Structure formats: C-alpha cells, structure tokens
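Reading through the structure tokens given below for one structure.
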Amino acid sequence: QSGTPFANVPSAKNAVIYQINIRAFSASGNLQGVTARLDAIKNLGVNVLYLMPVYPVGSLRGINSPYAVKDFKAVGTEFGTLDDLRTLVNGAHSRNMAVMMDWVANHTGADHPWLTTHTDFYEKDSTGKPASAFDWTDTRSLNFDNKEMRDSMIASMKYWLNETGIDGFRCDVAGEVPDDFWKQCITELRKGKEVLMLAEGDKGSLHTAGFDISYAWDMFQMTKKIAKGERPAFAIDSIKNQNDTAFPANALRLYFTSNHDENSWNQADYGTMPGASHAPFAVLTQTMVRGIPLIYSGQEEPVLRKVEFFEKDPIAFGKFGRAKFYNTLLHLRQSNPALSADASFKKIVVGDEKAVYAFVREKDGKKVLVILNLSARPQKIKVTKAGFDGDRYNVFMGTKEPLENKEWQLEPWGYAVYE
C-alpha cells in the first residue's frame with residue numbers, strides 16, 4: 001500500500017473537482033504526464049482530481065473507448081504502471097489534493113476475462129449470449145442479480161483503495177446500476193475509511209444509496225438553452241426548485257459547463273456557450289447552492305475545440321487564458337465559507353429577471369453576492385436591501401466600491417461577484 005490513503009479527502013461540500021482526460025492531458029498521454037502538471041492543477045484552486053479510466057481497454061469489437069474495461073484490477077500499459085499511479089496519488093496527497101478514479105460498474109469490455117470464467121456475471125440477449133450495454137457493441141452488460149458478481153465488483157474497487165491510496169470513485173452511468181448495489185458497495189468501501197463518491201446520474205435515490213455528489217444534468221441542459229436565448233434567466237429557478245424537492249437535503253450536485261462526453265459529442269463549452277457567454281455560466285457552476293464545481297481538462301487554457309478521448313489528442317497548454325478567472329473563483333470558494341455548498345441561498349432581484357440572475361450566499365457571518373447577465377444585451381443593475389451597504393469588495397476587479405442604491409450597467413454576458 002502506497003502512502004497514507006484517505007488523509008486528503010476534503011469535506012464533500014467543499015470539493016472542487018478537476019477532470020483529467022489522461023490521453024489528452026500531456027504529449028505522452030499517460031499518468032506520468034499528469035504527475036508532471038500537479039502544481040498547475042493545484043494552483044487553480046483544485047482539491048480533487050478525477051482521473052478518467054486507467055484500465056486496459058478492450059479490443060474485441062473495440063473503438064478504443066476507455067469505458068470498455070478489459071481488466072478491473074490492472075493499469076493499461078498505454079497509461080503506465082501501478083507504480084506510476086501510486087506516484088501520482090502520492091504527489092496529489094503531498095499537495096493536499098484527493099484522487100478519484102473513474103469506475104465502470106454497468107458493463108465490461110467485450111473481452112473481459114469474466115466472459116470466459118463467469119458467463120453468469122452478464123445479462124443475456126435473446127440468443128442467450130452476453131448482451132451489449134445500450135448500443136455500445138464493444139461492451140457487455142453486467143448482471144446485478146448475481147451476488148458473486150457484486151462481491152467481485154466490490155473487491156475490485158477495494159483493490160484500488162488498498163493498493164494505491166486513492167480517495168474515492170466517480171461512477172460511470174451510475175443511474176443504470178441498481179441503487180441497492182450502490183448501498184451495499186458504498187457501505188463496504190466506507191468501513192473504517194473516508195471515501196468520496198460521485199455518481200454520473202441525476203436521481204435523488206443515488207444519494208440515499210450513499211453517494212455524496214451527483215451530476216446536475218438538468219441544470220446543464222437548462223443553461224445551454226439560456227445561452228442560446230431559448231429560455232430566460234429565471235428558468236434556473238425551476239431547476240433549483242426541482243432539486244430542492246427531488247433530492248435529499250444533503251445531496252450535492254455537480255455543476256459544469258463541459259465534460260468529456262459533452263465536449264466530444266456536443267461541442268461543450270466552446271460551441272454550447274461560445275465566446276463571452278461561457279463566463280457567467282462558469283461563475284454559476286462555482287457559486288450555486290449545494291453545488292460542486294467541475295473543471296474539464298483544458299478549460300483553463302481554454303481549448304476551443306473537441307478533445308478526443310478514444311485516442312491521444314494532446315492539449316497544447318501554454319496560454320492559460322482562463323486560469324486567472326478560475327483561480328479567482330476557486331480560491332474565493334476555499335477562503336469564504338459563504339460559498340460552501342451548504343451555505344444559505346437567497347435570490348434577489350437587481351434587474352430584468354429575464355436576463356439577470358442574482359443571489360446572496362451566506363454562512364458564518366460571511367456573505368457573497370453574485371450578479372450574472374445571462375443575455376447578449378447590456379443590462380441595468382440596481383442592488384437594494386441585499387445587506388451590502390457601504391463599500392464592498394469586487395472580487396474580479398480587486399477594488400472596494402459602493403454597491404447598494406446606485407444604478408449601473410452590466411455588459412452582455414457580464415458577471416460581478418462581491419464579498
């Protein structure tokens with residue numbers, strides 16, 4: 001066992017997650033390339049690394065998808081070695097960052113050894129052969145009615161916790177796996193240990209099963225519509241209200257403007273929130289109540305193109321045009337308890353609600369005011385009765401200024417954050 005595991009898991013409500021597309025993150029496209037850039041990630045204000053799958057990739061009917069796993073208990077040679085992973089984890093821990101591995105529980109690759117040794121671990125198609133998951137012909141769908149398969153899956157996850165000292169898992173298509181498996185699994189993983197669990201799913205029951213965080217797909221889809229001008233800014237309220245009623249009170253939601261799927265298939269965020277429109281939505285992802293922010297590989301550059309993940313597609317880091325933007329937000333989040341996920345939230349009206357979304361977050365006597373122009377037109381702003389009288393600190397401008405009871409104009413897709 002390498003290093004001291006579980007010592008670096010932040011409180012889930014204070015997590016800031018950076019998703020690493022290993023094949024794109026460096027010229028080498030491997031774990032060593034990630035380790036070499038740990039300081040740069042840390043300097044953004046990140047405290048959790050999420051590594052996309054590191055396992056050997058299935059080749060039978062394969063399209064080189066890292067989500068078609070050939071062996072749950074090995075590091076794929078293209079990514080490096082077990083020692084390379086241990087070195088990365090230790091390096092992250094020494095910088096007070098946690099590490100999550102991507103876990104693919106729903107299916108395996110089409111040439112996983114279980115298909116030979118344990119055919120009963122798989123669901124069957126109409127011909128009696130192991131079935132593909134969805135239309136993913138390079139995968140085979142696992143049978144969660146099989147108790148031995150469940151135990152084997154959990155044992156495989158424990159292997160990584162014990163052998164590398166990782167701090168948790170991001171679980172792929174978690175909503176398609178039975179909730180009762182996750183409850184069994186997470187209970188076992190957490191026996192005497194802290195484990196951070198992120199579900200790629202948007203069901204409240206995933207939190208009842210033990211997950212800390214789930215993907216806020218509903219909010220992402222709504223923000224894309226607002227960015228296109230198809231919905232008003234106040235449409236955010238409908239998603240927030242839905243989350244408040246459909247999820248447990250302690251459920252944390254992952255907010256993002258891009259991830260590997262949305263970037264590769266749907267042009268996020270360079271196409272879905274192009275140009276200046278990206279910034280106010282990125283501010284929203286890092287300041288919203290019950291929200292945990294996700295930054296995807298290269299967003300700090302920014303990379304304004306599709307980034308492949310079925311093959312090596314190196315990102316040319318160097319400009320870091322958005323790094324200061326993210327750094328400002330993330331360090332504010334870490335330093336001010338008013339941006340903890342569990343801080344209070346109060347929406348306020350400071351302008352045309354069809355275009356402007358504004359709210360106050362508060363905790364432990366600290367307040368943060370967020371004002372977002374979610375439109376392509378300049379908007380008149382006037383703050384009243386928000387508890388921000390007198391001079392207040394403008395986080396992005398770095399200046400103190402009077403805020404309440406004066407009218408001013410916020411540029412198209414503008415944003416302002418005060419503490």
Side-chain angles (χ1 to χ4, degrees), residues 1-12 14-56 66 73-103 157-170 189 193-198 212-213 259-260 292-301 303 307 309 312-318 320 323 326-327 330-331 333-334:
Q1 188 165 332
S2 178
T4 304
F6 317 110
N8 293 277
V9 179
S11 170
N14 294 317
V16 173
I17 302 175
Y18 189 101
Q19 179 184 359
I20 296 176
N21 178 341
I22 302 171
R23 285 171 165 168
F25 202 62
S26 66
S28 58
N30 59 21
L31 293 167
Q32 289 184 353
V34 177
T35 301
R37 299 202 64 252
L38 287 177
D39 284 332
I41 302 170
K42 172 68 176 179
N43 289 340
L44 281 179
V46 169
N47 57 18
V48 180
L49 307 184
Y50 146 34
L51 301 174
M52 288 174 65
V54 302
Y55 321 102
K73 294 171 72 173
V75 175
T77 55
E78 69 167 302
F79 302 117
T81 66
L82 182 61
D83 281 340
D84 289 335
L85 180 56
R86 287 172 172 154
T87 298
L88 192 164
V89 173
N90 287 339
H93 285 177
S94 72
R95 293 165 174 83
N96 295 314
M97 293 189 291
V99 179
M100 306 177 78
M101 288 177 65
D102 215 328
W103 191 256
M157 297 174 80
K158 285 184 175 179
Y159 167 84
W160 294 105
L161 293 173
N162 294 327
E163 289 296 322
T164 69
I166 62 162
D167 306 285
F169 296 95
R170 176 268 188 188
L189 297 182
K193 304 171 182 177
E194 292 180 80
V195 184
L196 191 61
M197 298 295 292
L198 166 61
D212 300 293
I213 311 165
N259 59 46
H260 67 286
I292 302 300
L294 175 77
I295 301 172
Y296 179 52
S297 295
Q299 285 194 283
E300 71 271 39
E301 181 60 20
V303 179
V307 180
F309 67 96
K312 286 187 178 180
D313 185 16
I315 295 168
F317 285 102
F320 301 104
Y326 283 118
N327 181 280
L330 296 182
H331 280 90
R333 184 181 177 91
Q334 290 191 9

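Computed from a prediction, not measured in an experiment: that's the story for all the values here.
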Is the closest side-chain heavy-atom distance between [X] and [Y] below 4.5 Å?
X: Tyr55; Y: Lys73; value: no
X: Ile292; Y: Ile17; value: yes
X: Leu294; Y: Asn259; value: yes
X: Leu51; Y: Met100; value: no
X: Val195; Y: Asp167; value: no
X: Ile41; Y: Arg95; value: no
X: Met197; Y: Ile213; value: no

Checking the side chain of [X] only, and the main-chain atoms of [Y] only, is there a donor and an acceptor separated by less than 3.5 Å?
X: Asn162; Y: Lys158; value: yes
X: Asn43; Y: Asp39; value: yes
X: Ser297; Y: Phe25; value: no
X: Asp212; Y: Ala12; value: no
X: Arg23; Y: Gly29; value: no

Could you give me the CA-CA distance, side-chain angles and deciding distance for Asn47 and Asn96, then say whether side chain to side chain contact (heavy atoms under 4.5 Å, CB included) is met?
CA-CA 7 Å; Asn47 57 18; Asn96 295 314; over 6 Å; no

Inter-residue atom distance [X].[atom1] - [Y].[atom2], 0.5 Å rounding:
X: Arg333; Y: Asn14; atom1: CZ; atom2: CG; answer: 7.0 Å
X: Leu196; Y: Ile166; atom1: CG; atom2: CD1; answer: 10.5 Å
X: Met101; Y: Met52; atom1: CE; atom2: CE; answer: 13.0 Å
X: Leu49; Y: Ile20; atom1: CG; atom2: CD1; answer: 4.5 Å
X: Ile22; Y: Leu31; atom1: CD1; atom2: CG; answer: 5.0 Å
X: Leu88; Y: Thr164; atom1: CG; atom2: OG1; answer: 10.0 Å

Side chain to side chain contact (heavy atoms under 4.5 Å, CB included), that's the test. Do Trp160 and Val89 meet it? Break it down for me.
CA-CA 11 Å; Trp160 294 105; Val89 173; over 6 Å; no

Do [X] and [Y] pair up side chain to side chain, a donor and an acceptor below 3.5 Å, judged on atom types alone?
X: Tyr18; Y: Glu300; value: yes
X: Thr87; Y: Asn90; value: no
X: Asn30; Y: Lys312; value: no

Identify the heavy atoms of [X] and [Y] that sit nearest to each other, and give their distance.
X: Ala74; Y: Pro56; answer: O-CD, 3.2 Å
X: Gly80; Y: Val75; answer: O-CG1, 3.5 Å
X: Leu82; Y: Tyr159; answer: CD2-OH, 3.8 Å
X: Val99; Y: Ala92; answer: CG2-CB, 3.5 Å
X: Pro53; Y: Asp102; answer: CD-OD2, 3.4 Å
X: Ala24; Y: Val307; answer: CB-CG1, 3.5 Å

Validate the cation-pi geometry between Arg37 and Phe317: distance from NZ or CZ to the six-membered ring centre under 6.0 Å, angle to the ring axis within 45°.
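The answer is yes; both the distance and angle limits are met.
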
Partners meeting ring-ring contact (aromatic ring centres under 6.0 Å, His included) with Phe169 (sequence neighbours left out)
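By the ring-ring contact (aromatic ring centres under 6.0 Å, His included) rule, Phe169 matches Trp103.
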
Restricting to ring-ring contact (aromatic ring centres under 6.0 Å, His included), what partner residues turn up for Tyr296, sequence neighbours left out?
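Tyr296 satisfies ring-ring contact (aromatic ring centres under 6.0 Å, His included) with no other residue.
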
Could you walk me through whether Ile315 and Val303 pass side chain to side chain contact (heavy atoms under 4.5 Å, CB included), step by step?
CA-CA 7 Å; Ile315 295 168; Val303 179; 3.4 Å; yes

From the options Gln299, His260, Arg170, select the one residue that forms a side chain to side chain donor-acceptor pair (under 3.5 Å) with Gln19.
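Exactly one option meets the side chain to side chain donor-acceptor pair (under 3.5 Å) with Gln19, and it is His260.
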
Decide side chain to side chain contact (heavy atoms under 4.5 Å, CB included) for Tyr326 and Phe320; before the verdict, give the C-alpha distance in whole Å, the side-chain angles of both, and the deciding distance to 0.1 Å.
CA-CA 10 Å; Tyr326 283 118; Phe320 301 104; over 6 Å; no

